[in-house]
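A note on names: the letters A, B, ... follow the listed sequences, proteins ahead of strands, and every chain is numbered from 1. Because the structure is a prediction, the values reported are computed rather than measured.
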Protein chains: 2
Amino acid sequence: METYTIKDIARELGISTSTVSRALRGSYEINAETKRRVMECAERLNYRPNPIALSLKGSASRAIGVILPQIANYFFSQAINGIEAIAYNRGYHVIIFQSQESYEREMANVQQAMSRKVDGLLISLSSETADVEHLQEVLDKNVPLVLFDRVSSELNVTKVVADNFGGAFAATEHLLKEGRRRVAHLTIQPWLSITQERLAGYRAALEQYGVEFDENLIRYGTFGPDEVGPMIDELMHLDTPPDAFFTASDRLAVGCLQALGQRNLHIPEDVSLIGFTNLNVAHLLNPALSTVVQPAQEIGQVAAERLIDQIERKHRALPIETVRIPTELIVRSSTRQEAVKL
Amino acid sequence: METYTIKDIARELGISTSTVSRALRGSYEINAETKRRVMECAERLNYRPNPIALSLKGSASRAIGVILPQIANYFFSQAINGIEAIAYNRGYHVIIFQSQESYEREMANVQQAMSRKVDGLLISLSSETADVEHLQEVLDKNVPLVLFDRVSSELNVTKVVADNFGGAFAATEHLLKEGRRRVAHLTIQPWLSITQERLAGYRAALEQYGVEFDENLIRYGTFGPDEVGPMIDELMHLDTPPDAFFTASDRLAVGCLQALGQRNLHIPEDVSLIGFTNLNVAHLLNPALSTVVQPAQEIGQVAAERLIDQIERKHRALPIETVRIPTELIVRSSTRQEAVKL
DNA sequence: TTGTATGCGTTATCAC
DNA sequence: GTGATAACGCATACAA
């Protein structure tokens with residue numbers, strides 16, 4: 001498995017490297033016989049063009065950069081899975097960068113990705129990122145960029161997200177239809193796009209069902225496993241405590257389940273619980289845990305497709321749009337289970 | 001955030017590119033004043049060396065390749081997390097390749113990684129991989145290689161694995177000490193190193209406690225969620241059915257919990273269950289689920305450290321050894337929980 | 001101490 | 001149709 005270059009082929013065939021190069025890329029004006037000989041030789045030597053040299057030349061590197069907050073997160077690792085599947089099929093490599101939820105590091109990641117001459121960039125913003133100047137510069141350099149999951153409204157690019165509004169609406173509606181009227185919403189950092197969309201869906205459902213919005217029922221945070229308990233306590237000590245919980249992440253759903261369990265609150269007798277979730281075992285924790293399943297893998301796939309489409313058709317402008325991937329509502333009780341595509 | 005080259009600095013300062021190059025890498029024989037001016041200019045222009053050009057030059061690419069079966073797997077995503085943390089600290093990028101458990105694809109990955117001129121390779125073998133010729137060729141090219149988790153005895157390289165033997169021994173011992181005598185072992189593909197080590201630990205514990213090994217209690221496979229149930233049925237219909245289960249993965253532990261639950265078998269009254277697991281919520285499924293926790297992140301960290309050590313000290317040979325990262329036994333019952341570092 | 005020339009693998013632009 | 005040459009960004013052997 002030696003590694004041969006265009007030069008080796010040229011020497012072997014006693015022709016010039018330029019001829020080989022042209023033959024390999026099937027240039028018109030090349031003798032069919034020469035072409036055949038070059039091809040044969042390349043085949044025989046198992047010649048593979050050196051991607052590094054290609055990148056240096058300024059042409060495609062056939063690599064896409066993926067910048068995301070955390071790999072060790074079920075949502076993102078599934079998303080990567082989707083990305084990698086598409087990239088592989090279309091002949092691209094994936095170079096992964098973790099921002100670790102740090103704005104500083106995200107900027108460094110962008111720089112590194114650019115200097116590695118990625119053909120395009122797929123980004124899910126860190127929770128610290130407010131300013132998107134660094135991404136605007138990517139666009140200014142004409143490097144295709146697609147945002148996924150955590151996006152910014154300040155960037156005029158293609159975005160691929162879950163239908164957070166729809167999912168949250170459906171979740172809240174489900175609870176309201178069950179007769180719940182005090183739905184607490186436990187969610188993550190308030191400035192993230194996904195948080196705002198979910199909150200909007202939640203509010204829209206309340207409004208539609210004539211239930212007043214109560215700020216006290218909303219809790220934001222980056223909850224560690226031991227922080228959910230106290231928050232539940234707080235909520236349950238409100239004058240009119242919640243009769244249902246709608247959580248915005250796996251961790252919150254699991255933390256909530258635990259906290260409720262420890263307080264001997266049963267689901268759904270005492271309170272209802274529905275979570276935005278990816279963790280496919282979460283519902284096993286409690287057969288009555290309904291969930292809005294986020295299409296993590298599909299988001300990755302679609303984002304990668306859009307990005308590569310852009311990379312490969314740089315000449316013609318592709319429409320810039322926000323793609324919302326439907327979520328799925330899975331309603332469970334101890335006795336039945338029902339999945340609804342939204 | 002324009003991107004400047006060594007040439008720009010040279011032009012700006014009216015000196016040659018070689019001088020700049022040398023000044024930048026702090027060569028001895030360079031005028032202190034010149035050096036200072038170069039540094040200042042580089043700083044001012046926010047100069048970053050082009051990694052592509054460096055790679056082409058044949059020097060370090062400061063990238064390491066990671067080839068593993070699946071990203072969307074809690075163990076591997078945690079391992080990547082550990083790898084990335086170390087790599088980042090030591091100034092390396094991580095390029096990830098998924099073999100998707102395919103031998104063909106693993107070979108392609110290796111080739112691609114090599115042609116991307118990675119400085120070193122971190123590999124966890126696909127379940128299809130029997131022949132390791134492709135990895136031997138990596139070594140022949142003097143590219144450092146470290147195996148982790150799924151390793152091959154045919155390769156004389158540094159390996160980083162969980163202490164599968166110790167973990168399995170402790171798990172089995174725990175069950176035997178509880179008085180169980182028919183411990184079923186549900187595990188993955190039999191030819192994988194990790195499978196064999198766990199089986200060996202299991203057998204060693206049986207032997208030490210004078211319990212006869214029974215082949216009928218061992219089940220291998222790549223179980224989907226619906227395949228565990230029938231297997232449990234089979235086992236429970238043996239003449240002397242198991243009184244305990246020891247499972248070798250998250251998926252098996254979860255599947256087993258489900259299957260037992262559906263059959264109204266209670267833990268630990270009817271059967272005991274202990275799993276080799278990484279999924280930190282698995283125990284929430286059943287407070288009496290004991291687990292052997294695999295140090296996924298630490299395996300990644302140590303593997304990355306070893307690899308980078310090798311990359312950076314290519315001249316001197318580093319000891320080749322198999323590093324076994326201790327597992328942790330967490331014994332749980334509905335009333336108590338106890339963690340034992342092994 | 002600094003500058004010049006060369007090469008890494010490839011392609012584009014000229015020549016012939 | 002094919003070959004020679006320059007260029008991508010950098011490092012280095014060799015000159016000066």
Side-chain angles (χ1 to χ4, degrees), chain A residues 2-39 41-42 45-63 111-112 114-119 141-143, chain B residues 2-39 41-42 45-63 111-112 114-119 141-143:
Chain A
E2 267 311 299
T3 172
Y4 295 99
T5 76
I6 231 171
K7 253 184 202 165
D8 298 310
I9 302 184
R11 188 167 353 94
E12 179 115 356
L13 265 47
I15 58 181
S16 81
T17 58
S18 7
T19 307
V20 176
S21 172
R22 279 185 285 234
L24 252 18
R25 21 190 32 243
S27 172
Y28 292 88
E29 37 194 356
I30 216 94
N31 187 305
E33 171 59 12
T34 311
K35 205 182 271 187
R36 202 198 48 70
R37 287 175 57 217
V38 169
M39 288 307 199
C41 185
L45 262 42
N46 188 29
Y47 165 80
R48 294 277 174 272
N50 180 332
I52 302 286
L54 288 175
S55 309
L56 186 58
K57 250 325 244 184
S59 58
S61 66
R62 296 203 83 75
Q111 275 235 1
Q112 290 159 352
M114 296 303 287
S115 70
R116 289 214 170 264
K117 294 260 190 301
V118 295
D119 291 340
K141 281 179 189 153
N142 259 318
V143 173
Chain B
E2 267 311 301
T3 172
Y4 294 100
T5 76
I6 229 172
K7 248 185 207 166
D8 298 310
I9 302 184
R11 187 165 357 93
E12 179 116 356
L13 267 44
I15 58 182
S16 82
T17 58
S18 32
T19 306
V20 175
S21 172
R22 280 184 283 237
L24 253 17
R25 20 189 36 243
S27 172
Y28 292 89
E29 37 193 359
I30 217 95
N31 186 305
E33 171 59 10
T34 311
K35 204 181 274 187
R36 200 196 50 69
R37 287 175 58 216
V38 169
M39 289 307 199
C41 186
L45 262 42
N46 190 28
Y47 165 79
R48 294 277 175 276
N50 180 332
I52 302 285
L54 288 173
S55 311
L56 186 57
K57 236 351 231 164
S59 58
S61 66
R62 296 202 83 77
Q111 276 233 3
Q112 291 159 351
M114 297 303 286
S115 70
R116 288 215 170 262
K117 293 261 189 303
V118 294
D119 291 339
K141 281 178 188 156
N142 259 318
V143 173

Asker: Between atom CZ in B:Arg37 and atom P in C:dT1, what is the gap in whole Å?
Answerer: 15 Å
Asker: Please determine whether a side-chain nitrogen or oxygen atom of B:Tyr47 lies at a distance below 4.0 Å from atom OP1 or OP2 of D:dC10.
Answerer: yes
Asker: Under 3.5 Å, is there any donor-acceptor pair linking the side chain of A:Lys57 to the base of D:dA7?
Answerer: yes
Asker: Using a 4.0 Å heavy-atom cut-off across all strands, classify A:Ser18 as base, sugar-phosphate, or nothing.
Answerer: base
Asker: Donor-acceptor pair, A:Ser21 side chain versus A:Thr17 backbone, under 3.5 Å?
Answerer: no
Asker: Select one nucleotide: of C:dT13, C:dT4, C:dT10, the one nearest the side-chain heavy atoms of A:Thr5.
Answerer: C:dT10
Asker: Quick check: on DNA chain D, is the nucleotide nearest A:Thr34 upstream (toward 5') of the one nearest A:Leu56, or the reverse? Name the residue that is more 5'.
Answerer: A:Thr34
Asker: Counting only side-chain N and O atoms of A:Lys7, is one of them less than 4.0 Å from OP1 or OP2 of C:dG7?
Answerer: no
Asker: Is B:Ile15 touching bases, backbone alone, or none of the nucleic acid, heavy atoms closer than 4.0 Å?
Answerer: sugar-phosphate
Asker: Given 3.5 Å as the limit, does a donor-acceptor pair link the side chain of B:Ser55 with the main chain of A:Ile52, or not?
Answerer: no
Asker: Specify the separation, in whole Å, of atom CG of A:Asn50 and atom C1' of C:dG7.
Answerer: 14 Å
Asker: Roughly how many Å is it from CE in A:Met114 to C1' in D:dC8, rounded to a whole number?
Answerer: 16 Å
Asker: Measure CZ/B:Arg22 against C1'/D:dA16 and give the value in whole Å, please.
Answerer: 12 Å
Asker: So what does B:Leu54 touch, heavy atoms closer than 4.0 Å: a base, only the sugar-phosphate, or nothing?
Answerer: sugar-phosphate
Asker: Please report the distance, rounded to the nearest Å, between CZ in B:Arg25 and P in D:dA13.
Answerer: 11 Å
Asker: Find which nucleotide of DNA chain C each of A:Thr17 and B:Val20 is nearest to by heavy atoms, and output the residue with the more 5' nucleotide.
Answerer: B:Val20
Asker: Among D:dT2, D:dC10, C:dT11, which nucleotide sits nearest the side chain of B:Ile6?
Answerer: D:dC10
Asker: Does a distance-only test, which skips hydrogens and angles, find a donor-acceptor pair under 3.5 Å between the side chain of B:Arg48 and the base of D:dG9?
Answerer: no
Asker: Below 4.0 angstrom from OP1 or OP2 of C:dT10, is there any side-chain N or O of A:Ser21?
Answerer: no
